[in-house]
Amino acid sequence: LANPLEHCAECVELLGEYIDGSLPKERAEALEAHLSLCPPCITFVRTYKATRNLCRHKLAREMPAELKMSLQLFLARNVPGYRAPDDESGEKN
Amino acid sequence: MLRTLAGLTPTVPCFRVAPLSMADTPTGTAPAQQREQEQEPGQIPDVELVRKAQQGDGAAFAELVTRHQRQLYRLALRMTGSEADAQEVLQEAFLNAYQKLPNFRGEAQFSSWLYRIAANSALMRLRRKRRAPDALTDQPLELQGPRFSAEGYLDPPPRSDWSQRADEKMMDRELGSAIDQAVAGLPDDYRTVFLLKDVDGLSNEEIADALDLTVPAVKSRLHRARLALREKLGEFFGE
């Protein structure tokens with residue numbers, strides 16, 4: 001088992017990379033070991049994640065169809081040979 | 001004795017208009033070839049469409065537009081904060097990209113190059129509007145975050161786990177306003193990084209390219225923004 005991080009401050013500092021999955025394995029294990037001993041940090045992690053989820057849910061925006069249309073018209077006027085695709089199946093999310 | 005989280009007042013300058021070299025290698029990113037492999041299976045790779053577009057194939061350029069317009073829209077919207085400005089930025093960025101396409105040598109990923117063009121366009125627009133050329137640089141920051149005791153423990157510790165209640169309140173209008181307000185209260189570049197990453201799903205590398213930041217700077221801003229927002233939402237939930 002990894003040695004737990006000693007302080008909550010260290011745990012909080014590493015949280016961003018931890019929940020994004022980019023924290024090196026050894027550090028992640030040390031952080032998890034700290035969490036297993038520290039209920040306040042567990043609560044902190046849960047609410048930190050909830051913050052991200054709530055904001056994502058409330059603030060997500062899709063590109064409006066009218067804007068796609070006006071962009072296509074603009075480019076068709078200004079780019080020689082521009083031909084808008086028949087469908088948008090190639091769109092990246 | 002209480003102290004705030006170390007490094008909560010960053011000294012790194014905010015994002016700036018990046019010098020746009022057409023043979024640019026983006027800051028802090030994986031090599032273009034490596035990232036090009038992220039192409040969706042079955043799709044013609046960007047690099048091939050670019051080659052065709054460089055030879056005057058308008059349909060290939062249109063395909064590139066279709067492929068990248070949504071992410072570019074999000075970037076423009078997050079940076080300018082306005083639907084109308086985002087539309088202008090998008091038009092300008094794609095037209096600019098078309099005109100500069102002959103100079104694109106494929107040393108950076110096409111999407112990174114495109115993001116950089118759009119980000120520059122958005123920043124120029126912001127600066128023109130504010131009539132303050134350095135409005136986005138070196139803002140003094142004091143972001144709210146958790147507090148710790150001298151021994152490094154959370155002090156005060158979180159009073160309640162509101163994450164469960166957060167799920168239940170997902171559709172709550174007051175919560176929506178609280179989030180809007182909290183996000184609006186973030187400094188510009190922190191807000192932009194947070195929205196691009198956590199709401200729009202861009203990668204750290206894409207954000208770094210677009211905003212001319214290093215990946216560690218993106219990660220740091222993202223984390224500080226999340227901590228500050230968590231504090232605000234905690235207040236909303238009565239923590």
Side-chain angles (χ1 to χ4, degrees), chain A residues 5-20 22 38-64 66-68 70-85 87-93, chain B residues 5-7 40 43 56-59 61-63 65-71 73-74 77 83 86-87 90-91 94-95 98 145-146 148 151-154 157-158 160-163 166-167 170 175-176 179-180 183 194-195 198-201 204 219-220 222-223 226-227 229-230 233-234 237 239:
Chain A
L5 299 176
E6 201 172 335
H7 301 300
C8 304
E10 209 180 341
C11 175
V12 167
E13 194 57 37
L14 297 176
L15 260 192
E17 287 184 280
Y18 176 68
I19 73 160
D20 290 342
S22 61
C38 183
C41 276
I42 292 179
T43 302
F44 195 93
V45 173
R46 286 183 180 153
T47 49
Y48 183 91
K49 282 184 179 174
T51 299
R52 186 182 62 163
N53 296 342
L54 277 175
C55 290
R56 181 176 296 161
H57 181 82
K58 290 286 186 188
L59 301 172
R61 296 282 183 277
E62 276 306 319
M63 185 174 173
E66 314 84 70
L67 207 154
K68 286 182 189 171
S70 70
L71 177 64
Q72 293 298 339
L73 290 173
F74 172 83
L75 292 173
R77 276 200 309 273
N78 291 285
V79 173
Y82 188 89
R83 200 177 71 239
D87 61 59
E88 292 173 340
S89 53
E91 268 192 319
K92 276 189 175 178
N93 285 322
Chain B
L5 186 66
E40 287 175 30
Q43 265 192 342
D57 184 339
F61 185 69
E63 176 62 29
V65 172
T66 302
R67 198 172 278 187
H68 295 287
Q69 62 182 356
R70 290 168 77 175
Q71 290 295 64
Y73 164 74
R74 288 169 177 150
L77 180 67
E83 195 82 51
Q87 177 171 4
L90 228 61
Q91 292 180 350
F94 277 120
L95 188 57
Y98 174 76
F148 300 96
E151 296 78 31
Y153 299 110
L154 280 164
S160 68
D161 179 0
W162 46 263
S163 60
D167 285 343
M170 204 62 110
L175 174 60
I179 290 174
D180 285 341
V183 172
F194 171 77
L195 292 170
D198 276 358
V199 180
D200 298 334
N204 290 335
K219 285 182 179 177
S220 167
L222 177 65
H223 184 49
R226 286 171 175 168
L227 290 176
L229 292 173
R230 183 201 158 276
L233 292 185
F237 284 104
E239 185 181 277

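Per chain, numbering begins at 1; letters A, B, ... match sequence-line order.
Contact record, Leu154(B) with Cys41(A): CD1-SG, 4.0 Å, taken as the closest heavy-atom pair. When all heavy atoms of Gln87(B) and Ser70(A) are compared, the closest pair comes out as NE2-OG, 2.9 Å. Between Pro146(B) and Val12(A), the shortest heavy-atom distance links the atoms CG-CG1, 3.9 Å.
The candidate with the highest count of non-hydrogen atom pairs below 4.5 Å against chain A, out of Gly234(B), Gly58(B), Gly176(B), Ala166(B), is Gly58(B). Ranked by heavy-atom pairs under 4.5 Å with chain A, the first of Ala59(B), Pro157(B), Gly201(B) is Ala59(B). Among Leu222(B), Val183(B), Asn204(B), Val65(B), the residue with the largest count of heavy-atom pairs under 4.5 Å with chain A is Val65(B).
Leu71(A) places a side-chain heavy atom less than 4.5 Å from the side chain of Gln91(B). Phe94(B) has its side chain out of reach of Asn78(A): every pair of non-hydrogen atoms, C-beta onward, lies at least 4.5 Å apart. Residues Arg74(B) and Met63(A) are not in side-chain contact: their nearest non-hydrogen atoms beyond the backbone lie 4.5 Å or more apart. Using a 4.5 Å heavy-atom cutoff, the side chains of Phe74(A) and Leu95(B) are in contact. Looking at heavy atoms from C-beta onward, Tyr73(B) lies in side-chain contact with Pro64(A) at the 4.5 angstrom threshold.
Using a 4.5 Å cut-off between heavy atoms, Ile42(A) does not touch chain B at all. Proximity to chain B (any heavy atom under 4.5 Å) is shown, for Leu59(A), by both the backbone and the side chain. Heavy-atom distances place the side chain of Tyr98(B), and not its backbone, under 4.5 Å from chain A. With a 4.5 Å cut-off on non-hydrogen atoms, Leu233(B) touches chain A through its side chain but not through its backbone. Looking at Cys38(A), there are no atoms closer than 4.5 Å to chain B (heavy atoms on both sides), in backbone or side chain. Leu90(B) touches chain A through backbone and side chain together, each having a heavy atom under 4.5 Å away.
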Q: Take Thr66(B) and Gln72(A) through the test side chain to side chain contact (heavy atoms under 4.5 Å, CB included) and record every step on the way to the result.
A: CA-CA 9 Å; Thr66(B) 302; Gln72(A) 293 298 339; 4.2 Å; yes
**Q.** side chain to side chain contact (heavy atoms under 4.5 Å, CB included) between Thr43(A) and Trp162(B), intermediate numbers included
**A.** CA-CA 8 Å; Thr43(A) 302; Trp162(B) 46 263; over 6 Å; no
Q: Check step by step if side chain to side chain contact (heavy atoms under 4.5 Å, CB included) holds for Asp161(B) and Phe44(A).
A: CA-CA 8 Å; Asp161(B) 179 0; Phe44(A) 195 93; over 6 Å; no
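We find that Glu83(B) and Arg61(A) are not joined by a salt bridge, their nearest charged nitrogen and carboxylate oxygen being 4.0 Å or further apart. Salt-bridge annotation for Asp57(B) and Arg83(A): absent, with no side-chain N of the basic residue lying under 4.0 Å from a carboxylate O of the acidic one.
Applying the side chain to side chain donor-acceptor pair (under 3.5 Å) criterion to Lys219(B), with sequence neighbours excluded, gives Glu17(A).
Separating the SG atom in Cys11(A) from the OH atom in Tyr153(B) is a distance of 12.5 Å, to the nearest 0.5 Å.
If you look at Tyr18(A) and His223(B), their ring centroids are not closer than 6.0 Å.
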Atom pairs and distances, side-chain donor-acceptor, residues 49-57 of chain A, under 3.5 Å, sequence neighbours left out:
{"residue": "Thr51(A)", "atom": "OG1", "partner": "Thr47(A)", "partner atom": "O", "Å": "2.7"}
{"residue": "Arg56(A)", "atom": "NE", "partner": "Asp198(B)", "partner atom": "O", "Å": "2.7"}
{"residue": "Arg56(A)", "atom": "NH2", "partner": "Asp198(B)", "partner atom": "O", "Å": "3.3"}

